[in-house]
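Below you'll find the structure, written out as structure tokens, and then a few comments.
A quick note: this is a predicted structure, and the numbers were derived from the prediction, not measured.
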Amino acid sequence: MTKLREIAHSRTGDKGNTSNISVIAYDEKHFPLLLAQVTSERVRAHFAGVVEGEVVRYELPNISALNFVMTAALGGGVTRSLALDAHGKSLSSALLDLEIKNEQ
């Protein structure tokens, strides 16, 4: 087992109460691991108690990346949330703590 951060990096964005996180493989050879192990279900479970809406995964094979759009994820949004990180920037770092197997 290894942390996702060993094979990928991430970027995040937000709009209202919706957050999106992109997970980008450092090397395209790791993209199949991302496809197999970083599913919408695993991401939703990883953020249990934080993400209250759905998690939709989009695949971007040309850049060896996945994008997750998570609704009801930011405590109501930047102007409504009392969360220290109301923009959800730390969510991408938290996702990189996800443990994955080193093989498919």
Side-chain angles (χ1 to χ4, degrees):
M1 297 291 268
T2 190
K3 299 282 185 178
L4 182 56
R5 71 180 67 252
E6 298 297 322
I7 64 165
H9 62 100
S10 64
R11 300 284 297 167
T12 187
D14 60 84
K15 192 61 139 182
N17 198 23
T18 301
S19 178
N20 77 70
I21 301 175
S22 293
V23 177
I24 307 111
Y26 289 126
D27 189 311
E28 66 184 31
K29 72 181 180 186
H30 292 125
F31 187 59
L33 287 174
L34 297 183
L35 285 172
Q37 297 184 44
V38 189
T39 64
S40 293
E41 294 78 17
R42 284 201 68 205
V43 170
R44 182 138 179 24
H46 190 69
F47 288 119
V50 175
V51 176
E52 297 175 358
E54 69 177 334
V55 175
V56 178
R57 181 177 91 167
Y58 296 93
E59 300 172 5
L60 300 121
N62 289 343
I63 58 171
S64 300
L66 301 174
N67 187 37
F68 296 90
V69 177
M70 305 179 299
T71 58
L74 300 173
V78 174
T79 59
R80 296 184 60 204
S81 176
L82 297 176
L84 182 60
D85 180 23
H87 291 279
K89 300 297 182 200
S90 65
L91 292 179
S92 63
S93 181
L95 182 56
L96 293 177
D97 281 336
L98 186 71
E99 290 199 346
I100 59 168
K101 296 177 185 173
N102 295 331
E103 69 280 336
Q104 290 179 328

Handout entry: Co-membership, hydrophobic cluster, residues Leu35 and Val38, 4.5 Å side-chain
Key =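 Yes, Leu35 and Val38 fall within the same hydrophobic cluster.
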Problem - Transitive ILVMFWY side-chain link Val69 to Val43, under 4.5 Å - result: no
Problem - side chain to side chain contact (heavy atoms under 4.5 Å, CB included) involving Glu52 - partner list, sequence neighbours excluded - result: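 Side chain to side chain contact (heavy atoms under 4.5 Å, CB included) check on Glu52 returns Ala72.
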State the [atom1]-[atom2] distance between [X] and [Y], to the nearest 0.5 angstrom.
X	Y	atom1	atom2	result
Ser10	Asn67	OG	CG	11.0 Å
Leu91	His46	CG	NE2	9.5 Å
Met70	Arg44	CE	CZ	10.5 Å
Lys101	Met1	NZ	CE	6.5 Å
Leu34	Ile7	CG	CD1	5.0 Å
Leu95	Phe68	CG	CZ	6.5 Å

Of the non-hydrogen atoms in [X] and [Y], which two are nearest, and what is the gap between them?
X	Y	value
Val51	Glu54	CG1-O, 4.5 Å
Ser40	Val56	OG-C, 3.9 Å
Arg57	Thr39	NH1-CA, 4.1 Å

Problem - Leu60: hydrophobic cluster co-members (side-chain, 4.5 Å) - result: Ile63
Problem - Student check: side-chain heavy atoms of Asp97 and Leu4 closer than 4.5 Å - result: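 Heavy-atom side-chain distance check fails, nothing below 4.5 Å.
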Problem - Min side-chain heavy-atom separation Thr12-Ser19 under 4.5 Å - result: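 Yes, their side chains come closer than 4.5 Å.
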Please report, to 0.1 Å, the donor-acceptor pairs under 3.5 Å made by any side chain of residues 24-33, with sequence neighbours excluded.
from, atom 1, to, atom 2, distance (Å)
Asp27, OD1, Lys29, N, 2.9

Problem - Stepwise side chain to side chain contact (heavy atoms under 4.5 Å, CB included) check, Lys3 with Leu98 - result: CA-CA 6 Å; Lys3 299 282 185 178; Leu98 186 71; over 6 Å; no
Exercise for the section: Give a yes or no answer on whether the side chain of Arg11 reaches the backbone of Val23 with a donor-acceptor pair at less than 3.5 Å. Expected result: no
